[in-house]
Chemist: 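Here you go, one structure.
Chain naming here is simple, since letters A, B, ... match the order of the sequence lines and numbering starts at 1 in each.
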Amino acid sequence: MDEYIAATKRRSERDRMADVKTVSGVFTGAYGLNPVNNEPVPIWLADYVLAGYGTGAVMAVPSGDQRDYLFAKHFDLPIPAISDAQKDLDQQADPTKEGRYINSGIVNGLSYKEATATLIAYLEDKGLGKGKVNFRLRDAIFGRQRYWGEPIPIYYKDGTAYGVAEADLPLVLPEIDEYKPTETGEPPLGRAKDWKYKGQYEFELSTMPGWAGSSWYYLRYMDPHNADRFVSEEAEQYWGQVDLYMGGAEHATGHLLYSRFWYMFLKDLGLVTHSEPFQKLINQGMILGVSEKIKRGGITTSGGTAAASANNAHVFTKGEYYRHVMSNDLIIVYTSADVQVPIGEVGTIASLASTIETHVPIQFTDNNTMNVSQMIDYMKWTKEERHALFVCENGFHQFAFSSEDQGYHHLNFYTVTDHHNEHNRTVMLGERSSEEASPALFKTRPEVEKMSKSKYNVVNPDVLIDKFGADALRLYEMFLGPLEQFKPWNTNGISGVATFLKKFWRLFHPEDGALAVTDEPASPAELKALHRVIQKVAQDIEKFSFNTSVSTFMIAVNELTALGTHKRAILEPLVILLSPFAPHLAEELWEELGHASGSISQAAYPEFREEYLVEANVTYPVALNGKVRDQRQFAATATAAEIETAILESDFLSRFGEGKAVKKVVVVPGRMVNVVV
RNA sequence: GCCAGAGUGGUGGAAUGGUAUACACGAGGGACUUAAAAUCCCUUGCCUUCACGGGCUUACGGGUUCGAGUCCCGUCUCUGGUACCA
């Protein structure tokens, strides 16, 4: 044992983690007693168990853990199955948590979860142990090697760190001459002159990260001028929790986590009173980019031995009276995303070159395709200055690079007519296409990824704002879908909301651009359209369901356009409703409507009046056994019994009833009717 | 593995247990125009039928219910979080 320990000590933890093949260990000669069934368990020393795991002896489960398995095999220890779902135990360990326990005493027949609970209860019952949940904070390095950030109140005395005395807090950032590291590589705080604790001890030179301060600042907002405490008890009681915390994915795991941690710490100190800092959390989704990818490879057409000639291939193009070998050493071959490339198979395009996938900047593509001029733009951008082939389904485009004018020239499209082997090289024969031969589309492969400069899929909002306006962009972001979902950006769709805004504008300015809003009283149909919006938008805002609000506005504007509405009684409330969604447009219209002073954001919110939505008649879908067969109109005031009678007396049963006896009629007033036969 | 969330047309998506596919994009057809832009109209889940119509469809399989995208059980897949966890 001593020998083994000495040998193991010589190896670092890193060595032992990396070395998974060598199994070593030694039996101590001792046994532990299993507290549940009192069976003796042999105790071994092994070096694959790392000190960081657990605090005492570590149980081995050779059938469930591969390291334990190898260990047991090596020393010929028993490998009992513990679950009826384990498979191939003669080959390897099976860590499944499925199935029911076997060979396991009191937990036999139980699932993993049941067994856990049973064992904890048993051990607690016998006074042998206690159940405990361990919480863990995410590992994070708290110190930052930069200037801006709260200095960490730690000083060093004889190489040991001490906390600054409470009376000496707060520690204030010292002035420095430049916000850069020192020449010796210390953080910027190392530049501060005479910055020492009590004039003699070095301070910690890193500062706190951004979320140190931002993990509690919301509390300070409750009582910003209080010089005695970060927030008074009264202010804390008055404001309570933050109503809504909205942040992205990074915030959720970083900032939010620390905010909660710090809040609970403050609660333990008795300084705040709620269990959580935030009442509601919304994790807004990220808008993703759509990248465009193509396959790219290179081939050589000349150049000595087969081995030196990359990928062992040649390209020839064949004209009517001649054979043309492209003369450049290297040709770049781009392959359309829809062309299959089984690498290495002789006689296919693929055998020309092994390919990699590469991003094409999205501005060189259009609906996942590239045309000839976009191909040229792309090649100018890559600056490879080589001849190039763009292979699509029925052939390939040939481009020549001219070093004279540094330009790319589209020579021809070649229909692929043949592939064969020639001098041990794969040869692709192309026929110069006739005028009317149409090349297949050169496709790019779209893929949804994070927007990133390196993926060339970034959509710049400035460009969209220039083209469609800030309101359209804002509205479209809302319209894309639920706030919390990740979704790909698709610029095409923005035209829909832009059209909607134009239509909205035209309700106010129908003909020649002049405001033409009338003071006529509104019709019932117009009032209904308006009040449906008031009701729906109010409900949607409560649910943060902005996409459905935008739809509701679209429906209303389509209806009002059809009705030819230009009435103030409808449009003025409508523009107030729209103002949080399209603020610029709304402010503009508000002013035009005669509210020269004051913002629309101060206007009274329109009041919902149910009575405008009430209809005299309701059209009921009438279903037979749940399947809708007909529509029938009834007065809105009709009772369920009246409707049932009317349906049974009508021709509904003779038309759809298939001669069967009626078992039941379900009438949901205002909704639908279901006849059960 | 565990925890959480999701799966509906070509696409983004809608739907208090009550007419699934609203709204929008895209696509197709048409009007206006010398032309384009802009605008407007029609069609557009799938299968079947000349048509009228009929059948099918919310990842898959069951269940509850007069009625299920929605509730319950199981399966699969995807996404995120987490763990070299014995």
Chemist: From the set B:G13, B:C66, B:U39, return the single nucleotide nearest to any side-chain atom of A:K502.
Modeler: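 In terms of side-chain proximity for A:K502, the closest of B:G13, B:C66, B:U39 is B:U39.
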Chemist: If you look at every strand shown and take non-hydrogen atoms under 4.0 Å, does A:P482 touch a base, only sugar-phosphate, or nothing?
Modeler: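 Counting heavy atoms under 4.0 Å across all strands, the contact made by A:P482 is with sugar-phosphate only.
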Chemist: Rounding to an integer number of Å, can you tell me how far A:N625 CG sits from B:A68 P?
Modeler: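 My rounded result for the distance is 11 Å.
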Chemist: How should the glycosidic conformation of B:G13 be described, syn or anti, under the criterion that syn lies within 90° of 0?
Modeler: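 With its glycosidic angle more than 90° from zero, B:G13 counts as anti.
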Chemist: Where do N or O atoms of nucleotides 53-57 of chain B meet protein N or O atoms at under 3.5 Å, pair by pair?
Modeler:
from  : atom 1 : to     : atom 2 : distance (Å)
B:C56 : OP2    : A:K627 : NZ     : 2.9

Chemist: Where does RNA chain B pair, written as one dot-bracket string 5' to 3', with Watson-Crick or G-U pairs under 3.5 Å, ( ) inside the strand, [ ] for crossing pairs and | for another strand?
Modeler: (((((((..(((.....[....)))((((((.......))))))((((....))))..(((((..]....))))))))))))....
Chemist: Strictly below 4.0 Å, heavy-atom distances to any atom of RNA chain B: list the hits from residues 547-557 of chain A, or just say none.
Modeler: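 Close to the strand are A:N547, A:T548, A:S551, A:M554, A:I555.
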Chemist: Which whole-number value in Å describes the distance from A:F468 CZ to B:A24 P?
Modeler: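 Whole-Å distance recorded here is 16 Å.
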Chemist: Inspect the surroundings of OH in A:Y620 and state if more than 12 heavy atoms from other residues, nucleotides or ligands are less than 6.0 Å away.
Modeler: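 More than 12 heavy atoms, drawn from other residues, nucleotides or ligands, come within 6.0 Å of this atom.
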Chemist: When the P atoms of B:U58 and B:U19 are compared, how many Å lie between them, rounded to an integer?
Modeler: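 Pairwise P distance, B:U19 against B:U58, rounds to 15 Å.
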Chemist: State, yes or no, whether a side-chain contact exists between A:W44 and A:L77 at a heavy-atom distance under 4.5 Å.
Modeler: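 A side-chain contact exists here, since the closest heavy-atom pair is under 4.5 Å.
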Chemist: By the 4.0 Å heavy-atom rule, please label A:K503 as base, sugar-phosphate, or nothing.
Modeler: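 Contact class for A:K503: sugar-phosphate only.
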Chemist: Looking only at side-chain N and O atoms, does A:Q485 come under 4.0 Å of OP1 or OP2 in B:A6?
Modeler: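 Checking A:Q485 against B:A6: no side-chain N or O falls below 4.0 Å of OP1 or OP2.
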Chemist: Restricting to nitrogen or oxygen on both sides, can you table the protein-nucleotides 18-21 of chain B pairs closer than 3.5 Å?
Modeler:
from  : atom 1 : to     : atom 2 : distance (Å)
B:U19 : O2     : A:Q631 : NE2    : 3.4

Chemist: Residues from residues 639-651 of chain A sitting under 4.0 Å of RNA chain B, heavy atoms only?
Modeler: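 Per residue number, the list is empty: none.
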Chemist: Holding to side-chain hydrogen bond (donor to acceptor under 3.5 Å, both in side chains), I want the full list of residues that pass it with A:T491, two or more places apart in sequence or in another chain.
Modeler: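 For A:T491 the side-chain hydrogen bond (donor to acceptor under 3.5 Å, both in side chains) partners, ignoring immediate neighbours, are A:W489.
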